[in-house]
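Proteins come first, then strands; the chains are lettered A, B, ... in the order of their sequence lines, and each starts at number 1.
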Amino acid sequence: IQLTQSPSLLSASVGDRVTLSCKGSQNINNYLAWYQQKLGEAPKLLIYKTNSLQTGIPSRFSGSGSGTDYTLTISSLHSEDLATYYCYQYNNGYTFGSGTKLEIK
Amino acid sequence: QIQLVQSGPELKKPGESVKISCKASGYTFTDYAMHWVKQAPGKGLKWMGWINTYTGKPTYADDFKGRFVFSLEASASTANLQISNLKNEDTATYFCARSSYGGFDYWGQGVMVTVSS
């Protein structure tokens with residue numbers, strides 16, 4: 001399964017509501033997770049099974065979607081959210097998306 | 001607390017081999033699978049495969065069949081990645097990651113492998 005993330009680069013201001021998209025080449029059956037990777041760090045699990053928030057992750061992060069289309073939403077952008085975000089499917093094999101780099105204006 | 005601690009950076013020449021370790025602590029090693037992820041400089045994440053830490057059976061992604069070997073030292077709660085016949089394109093950071101119910105919940109800090117003549 002191929003995963004296409006859009007946009008590849010997103011520039012937003014602190015306090016903005018931000019939406020990142022991930023589209024699969026086939027039905028993912030909600031087996032989709034989201035990771036945040038800050039520069040020079042290992043990735044961090046944010047969301048699993050489409051909309052389950054990983055322990056310790058702020059509630060401003062949320063996930064939604066079904067079938068082939070999934071979304072990560074940050075309800076109010078914080079400066080520390082500067083990172084690259086990757087979606088990841090584990091329905092059929094394991095695949096990462098190409099990432100969305102989030103910049104703070 | 002749960003930790004995955006990986007070995008240090010490596011500088012190798014083309015054709016050489018390298019072995020990277022990932023030592024787990026804070027949980028029962030054999031209860032969770034261990035995955036490996038490659039990240040080339042400035043690039044995204046690429047899933048390499050995983051090893052069943054209970055049986056020792058490895059599974060490799062198509063792009064990582066042949067020169068890549070996952071192994072265990074279960075008594076030491078350690079997973080290893082060995083890459084043989086290194087090529088320039090193997091230059092990357094390699095992460096180990098623990099597989100949980102919905103994703104990779106703990107990651108090693110990553111090991112930078114540089115292949116250069």
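Taking hydrophobic clusters as Ile, Leu, Val, Met, Phe, Trp and Tyr residues chained together by side-chain heavy-atom distances below 4.5 Å, B:Leu45 does not share a cluster with B:Met48. Hydrophobic clustering (ILVMFWY, side-chain heavy atoms < 4.5 Å, transitive): B:Phe70 and B:Val37 are in distinct clusters. Following chains of ILVMFWY side-chain contacts shorter than 4.5 Å, one can reach B:Leu4 starting from B:Ile20, so the two form part of one hydrophobic cluster. Under a hydrophobic-cluster definition in which Ile, Leu, Val, Met, Phe, Trp and Tyr are linked whenever side-chain heavy atoms come within less than 4.5 Å, directly or via other members, A:Ile28 and A:Leu20 are assigned to the same cluster.
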Check chain A and chain B for donor-acceptor pairs under 3.5 Å and report each one on its own line.
| residue | atom | partner | partner atom | Å |
| --- | --- | --- | --- | --- |
| A:Tyr35 | OH | B:Phe104 | N | 2.7 |
| A:Gln37 | OE1 | B:Gln39 | NE2 | 2.8 |
| A:Gln37 | NE2 | B:Gln39 | OE1 | 2.8 |
| A:Tyr90 | OH | B:Gly102 | O | 3.2 |

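B:Phe29 pairs by the ring pair (Phe, Tyr, Trp, His ring centres under 6.0 Å) definition with nothing, not counting sequence neighbours.
Counting heavy-atom pairs closer than 4.5 Å to chain B, the top-ranked of the candidates A:Gly93, A:Pro43, A:Gly99 is A:Pro43.
Among pairs with a residue in residues 56-67 of chain A, those fulfilling salt bridge (Lys or Arg N to Asp or Glu O under 4.0 Å) read A:Arg60-A:Glu80, A:Arg60-A:Asp81, at least two apart in sequence or across chains. Pairs passing the ring-ring contact (aromatic ring centres under 6.0 Å, His included) check and including a residue from residues 3-30 of chain A, sequence neighbours excluded, do not occur.
For B:Phe104, the parts lying near chain A are the backbone and the side chain together; criterion is any non-hydrogen pair under 4.5 Å.
B:Gly108 and A:Ala42 make their closest contact through O-CB, 3.3 Å (heavy atoms, listed as atom of the first residue, atom of the second, distance).
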